[in-house]
Q: 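Below: one structure in structure tokens.
Just so you know, these numbers use all the heavy atoms, side chains as well, and skip hydrogens, waters and symmetry mates. A note on names: the letters A, B, ... follow the listed sequences, proteins ahead of strands, and every chain is numbered from 1.
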Protein chains: 2
Amino acid sequence: MTLIKNTKPTEGELEILQVLWDRQSATVRDVHEELLKLKDSGYTTTLKLMQIMFEKGLVTRDSTNKTHIYQPNVSKEKTQNLFLNKMINTLFSGSSAQLVMQALGNHKTSKEELDEIRNYLNSI
Amino acid sequence: MTLIKNTKPTEGELEILQVLWDRQSATVRDVHEELLKLKDSGYTTTLKLMQIMFEKGLVTRDSTNKTHIYQPNVSKEKTQNLFLNKMINTLFSGSSAQLVMQALGNHKTSKEELDEIRNYLNSI
DNA sequence: ATTTACATACGAAATATATCGTATTATGAC
DNA sequence: GTCATAATACGATATATTTCGTATGTAAAT
């Protein structure tokens, strides 16, 4: 498969990326054990997914040793924006403000977080 | 199929729901014509999707006449929250504030919208 | 050297989703 | 009534994604 960037990761791929973003790098077993905390699945399932992600260019890996070591090859920020923009367009009529207010309104947000946002707003 | 609420709509289903939310109610042809502005696809594709959505309970329909009239059966707000929460959890470590700031930072947001958000923040 | 423990590779099945062709039916025009 | 038009129903195929079994390789322990 050709290395195509800006490809939207699937659900399963996102779960794996989460782990890689947290740890910087990890083996298939590392990732798999982390995923087991969330859901049941076989080891080879995780392996296969990570192999596919490698082919897609979503991750890199060091295969000098028997046990490969994987790293994310797309940034968390870029990926967040990819999904945010998609969502803003398909569910919020293209208005980020609408999304923001909806997000603030329905998820309990702490005073500290709200202050943080105010500061951020003023800095723009 | 059993009517299961709180089911996460698929991509295609979201596109259709968008149209229904805008218009309150619409025929398959109405929806299809709207979708054609976005992408190519056959009429029966749209039809089939809407039939499936009906079975899932995502939409209702009035079938007294030959041409059925469809209505959304899930609210836009509920659906927005479904996706927002999912996204906050899987991509923003559970922090809505993080999502909000990321959304404000990368999508161009107008002065007016920013003011609107400030007002909203103060009203909490 | 053989066994054991893990690792990768890879094909195939299972599942979810999207797409479309065709048969059938209803409606209105003639 | 017949024909043309347009709608639904439904099965089949296509595509994407996930899951797993099995073969195989490698390294360490015995």
Side-chain angles (χ1 to χ4, degrees), chain A residues 1-2 4 6-20 25-36 38-71 74 79 82-83 86 90, chain B residues 1-2 4 6-20 25-36 38-71 74 79 82-83 86 90:
Chain A
M1 176 163 288
T2 24
I4 300 169
N6 259 29
T7 247
K8 194 161 75 74
T10 67
E11 289 273 312
E13 288 170 347
L14 263 187
E15 289 176 338
I16 290 170
L17 280 173
Q18 276 293 53
V19 178
L20 291 178
S25 76
T27 64
V28 173
R29 182 145 308 271
D30 290 338
V31 171
H32 180 59
E33 239 130 60
E34 207 55 47
L35 293 190
L36 280 184
L38 303 177
K39 62 166 186 180
D40 252 18
S41 81
Y43 173 82
T44 52
T45 301
T46 305
L47 170 66
K48 180 72 170 191
L49 265 181
M50 290 177 75
Q51 285 171 343
I52 291 172
M53 291 171 78
F54 173 70
E55 285 171 353
K56 288 187 184 173
L58 286 172
V59 299
T60 57
R61 69 181 178 187
D62 175 347
S63 48
T64 50
N65 294 310
K66 190 184 93 158
T67 303
H68 300 356
I69 297 179
Y70 286 78
Q71 296 195 311
V74 291
T79 307
L82 203 66
F83 279 84
K86 173 125 207 163
T90 65
Chain B
M1 178 163 287
T2 24
I4 298 170
N6 260 30
T7 247
K8 194 160 76 74
T10 67
E11 290 271 312
E13 288 169 347
L14 264 187
E15 289 176 340
I16 290 170
L17 281 172
Q18 277 292 55
V19 178
L20 292 178
S25 75
T27 65
V28 174
R29 180 144 311 268
D30 290 339
V31 170
H32 180 59
E33 238 130 60
E34 208 53 48
L35 293 191
L36 280 184
L38 304 176
K39 60 165 186 181
D40 252 18
S41 81
Y43 172 83
T44 53
T45 301
T46 306
L47 170 66
K48 179 74 170 189
L49 267 180
M50 289 178 75
Q51 285 170 341
I52 290 172
M53 290 171 76
F54 172 69
E55 286 171 353
K56 287 187 185 175
L58 286 172
V59 298
T60 57
R61 69 181 179 187
D62 175 347
S63 48
T64 49
N65 296 310
K66 191 184 94 160
T67 304
H68 300 356
I69 297 179
Y70 286 78
Q71 297 196 312
V74 290
T79 307
L82 203 66
F83 279 85
K86 173 127 208 162
T90 65

Q: Taking any atom under 4.0 angstrom from a heavy atom of chain A, which nucleotides of DNA chain D are the first and last to qualify, 5' to 3'?
A: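 Counting from the 5' end, contacts occupy D/dT17 to D/dT26.
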Q: Just wondering, do A/E15 and A/Q18 contact through their side chains at under 4.5 Å, heavy atoms?
A: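 They are not in contact (no side-chain heavy atoms under 4.5 Å apart), so the answer is no.
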Q: Please determine whether a side-chain nitrogen or oxygen atom of B/T45 lies at a distance below 4.0 Å from atom OP1 or OP2 of C/dC20.
A: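 For B/T45, the contact criterion (side-chain N or O under 4.0 Å from OP1 or OP2 of C/dC20) is met.
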Q: Provide, to the nearest angstrom, the distance between the NE2 atom belonging to A/H68 and the P atom belonging to C/dA7.
A: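 Going from NE2 in A/H68 over to P in C/dA7 covers 12 Å.
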Q: So B/V31 and B/M50, do their side chains get closer than 4.5 Å, heavy atoms only?
A: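 A side-chain contact under 4.5 Å exists here.
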Q: For residues 64-71 of chain B, tabulate all N or O donor-acceptor pairs below 3.5 Å that involve a side-chain atom, not counting sequence neighbours.
A:
unit_1: B/T64; atom_1: OG1; unit_2: B/D62; atom_2: OD1; d: 2.7
unit_1: B/H68; atom_1: ND1; unit_2: B/N65; atom_2: O; d: 3.4
unit_1: B/H68; atom_1: ND1; unit_2: B/K66; atom_2: O; d: 3.2
unit_1: B/Y70; atom_1: OH; unit_2: B/R61; atom_2: NH1; d: 3.0

Q: Could you tell me whether the phosphate oxygens of C/dT8, OP1 or OP2, come under 4.0 Å of any side-chain nitrogen or oxygen in A/R29?
A: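 No, outside the criterion.
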Q: Report yes if the side chains of B/V19 and B/D30 come closer than 4.5 Å at any heavy-atom pair, otherwise no.
A: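 The answer is no, as the side chains (C-beta and beyond) never meet within the 4.5 Å cut-off.
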Q: For A/T10, which residues count as a side-chain contact (heavy atoms from CB on, under 4.5 Å) partner, sequence neighbours excluded?
A: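 A/T10: side-chain contact (heavy atoms from CB on, under 4.5 Å) contacts with A/E13, A/K56.
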Q: Would you say B/K39 places a side-chain N or O within less than 4.0 Å of OP1 or OP2 belonging to C/dT19?
A: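 So the side-chain polar atoms of B/K39 do come within 4.0 Å of the phosphate oxygens OP1 or OP2 of C/dT19, strictly under.
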Q: For B/T27, which contact category applies under a 4.0 Å heavy-atom criterion: base, sugar-phosphate, or nothing?
A: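 Result for B/T27 = nothing.
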Q: Using the test salt bridge (charged side-chain N to carboxylate O under 4.0 Å, His left out), find all partners of B/E34 that sit at least two apart in sequence or belong to another chain.
A: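 By the salt bridge (charged side-chain N to carboxylate O under 4.0 Å, His left out) rule, B/E34 matches B/R23, B/K37.
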Q: Among all residues two or more places apart in sequence or in another chain, which pass the side-chain contact (heavy atoms from CB on, under 4.5 Å) test with B/S41?
A: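 B/S41 satisfies side-chain contact (heavy atoms from CB on, under 4.5 Å) with B/H32, B/T46 only.
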Q: Would you call A/I16 and A/L58 a side-chain contact if the rule is heavy atoms closer than 4.5 Å?
A: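 Not touching, per the 4.5 Å side-chain cut-off.
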Q: Can you find a donor-acceptor pair, distance only, under 3.5 Å between A/K48 side chain and C/dG11 base?
A: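 Between C/dG11 and A/K48, which were checked side chain against base, a qualifying N/O pair under 3.5 Å is present.
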Q: What N/O pairs connect the protein and nucleotides 22-30 of chain C at under 3.5 Å? Give each pair on its own line.
A:
unit_1: C/dA26; atom_1: N3; unit_2: B/K66; atom_2: NZ; d: 3.3

